[in-house]
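Below is one structure; the comments refer to it alone.
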Amino acid sequence: MEINISTIERQDKYKLLIGCIVPRPIAWVTSIGRDGVLNAAPFSYFNVASIEPMMVSIAVMRKPGSVRKDTARNIAETKEFVVNMVDVYNVDVANQTSADFPPEVGEVDALGLGTTPSAAVRPPRLADSRIQFECRLHQIVTLGDPVTSDLIIGEVVHVHVDDRLYQNGKIDIGAFAPVSRLAGQSYAKLGEPFERPRPVYQLNKP
């Protein structure tokens, strides 16, 4: 199959990307707008961006007419947010926050979600999440012409990890039980882990 991207429609591009680039971790983001409304929404275009400084990236697609989603608008205005990680225990409520709530309605209050104060930023953490990254905005890169996506790069300034998930300086992946996003309405649990040692290149000398 050969696909000339210039010949296919936006929806076909979308299906191709989300069907091929899997599994994707989920950033369950809490942010506060200038009006004080507390927003919570999940995003699967999410990954590590840098180790030192510690940064994460989240791509937030815009609505028709190049209108920013609430999360991107809030972060652009207030420069702070929290990434709450999604696992098998909170995926159902995280999915509930993906509904298209109007800007004046906060998902946290509408769904009765529990929150916990953050240590370094204003937006609170979600009590249902067991790993949380408090972030300050480093940069927003706008993509497309007209703009179709806000690539948000945030610097992690504080991390919270449930004690039961942190063993000997590492995350216990089995106890964490993360959930990833696939295509359509599909999610995935962690499958059977396996290891492949990274090879060491050695120059063959005569």
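Bear in mind the structure is a predicted one, so any value in this text is a computation, not a measurement.
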Heavy atoms, side chains only, cut-off 4.5 Å: are [X] and [Y] in contact?
X      : Y      : value
Ser180 : Arg24  : no
Arg62  : Thr142 : yes
Lys13  : Ile5   : yes
Val29  : Phe46  : no
Ile3   : Leu16  : yes
Asp172 : Tyr166 : no
Tyr201 : Leu203 : yes
Phe133 : Val82  : no

Compare every heavy atom of [Y] with every heavy atom of [X], then report the nearest pair and how far apart it is.
X      : Y      : value
Ala76  : Leu137 : CA-CD2, 4.5 Å
Val37  : Pro103 : CG1-O, 3.9 Å
Ala72  : Ile152 : CA-CD1, 4.0 Å
Cys135 : Val56  : SG-CG2, 4.0 Å
Ser118 : Val121 : CB-O, 3.3 Å
Asn74  : Gly33  : OD1-CA, 3.2 Å

[Y] reachable from [X] in the ILVMFWY side-chain graph, under 4.5 Å edges:
X      : Y      : result
Val60  : Leu143 : no
Ile8   : Leu17  : no
Leu113 : Tyr89  : yes
Ile75  : Val157 : no
Val161 : Leu190 : yes

Using modelled atom types and a 3.5 Å cut-off, is there a donor and acceptor pairing between side-chain atoms of [X] and backbone atoms of [Y]?
X      : Y      : value
Asn90  : Asp128 : yes
Arg125 : Pro117 : yes
Arg130 : Phe176 : yes
Arg122 : Thr78  : no

How about [atom1] on [X], more than 12 heavy atoms from neighbouring residues, nucleotides or ligands closer than 6.0 Å, or not?
X      : atom1 : answer
Lys63  : NZ    : yes
Lys15  : NZ    : no
Ile51  : CD1   : no
Glu104 : CD    : yes
Gln185 : CD    : no
Asn4   : CG    : yes
Asp163 : CG    : no

Regarding [X] and [Y], is there a side-chain donor-to-acceptor distance under 3.5 Å anywhere?
X      : Y      : result
Ser57  : Asn47  : no
Glu134 : His160 : yes
Ser129 : Trp28  : no

Roughly how far apart are [X] [atom1] and [Y] [atom2], rounded to 0.5 Å?
X      : Y      : atom1 : atom2 : result
Leu38  : Asp35  : CG    : CG    : 10.5 Å
Leu182 : Ile18  : CG    : CD1   : 9.5 Å
Ile153 : Gln139 : CD1   : CD    : 5.0 Å
Ile26  : Tyr187 : CD1   : OH    : 5.5 Å
Met61  : Leu151 : CE    : CG    : 8.5 Å

TODO: Would you please test Ser44 and Arg181 for side chain to side chain donor-acceptor pair (under 3.5 Å) and show each step?
DONE: CA-CA 6 Å; Ser44 68; Arg181 194 75 169 84; 5.1 Å; no

TODO: Begin with the C-alpha distance, continue with both residues' side-chain angles, and end with the deciding distance and a verdict on side chain to side chain contact (heavy atoms under 4.5 Å, CB included) for Gln132 and Met85.
DONE: CA-CA 6 Å; Gln132 302 123 347; Met85 297 303 294; over 6 Å; no

TODO: Run the numbers on Val88 and Lys189 for side chain to side chain contact (heavy atoms under 4.5 Å, CB included), then give the verdict.
DONE: CA-CA 7 Å; Val88 297; Lys189 298 178 182 178; 4.0 Å; yes

Task: Salt-bridge contact Glu155-Arg136 (side-chain N to carboxylate O under 4.0 Å) - done: no

TODO: Indicate yes or no: does Asp70 engage Arg73 in a salt bridge with an N to O separation below 4.0 Å.
DONE: yes

Task: Glu107 and its side-chain hydrogen bond (donor to acceptor under 3.5 Å, both in side chains) partner, picked from Asn39, Thr30, Thr97 - done: Asn39

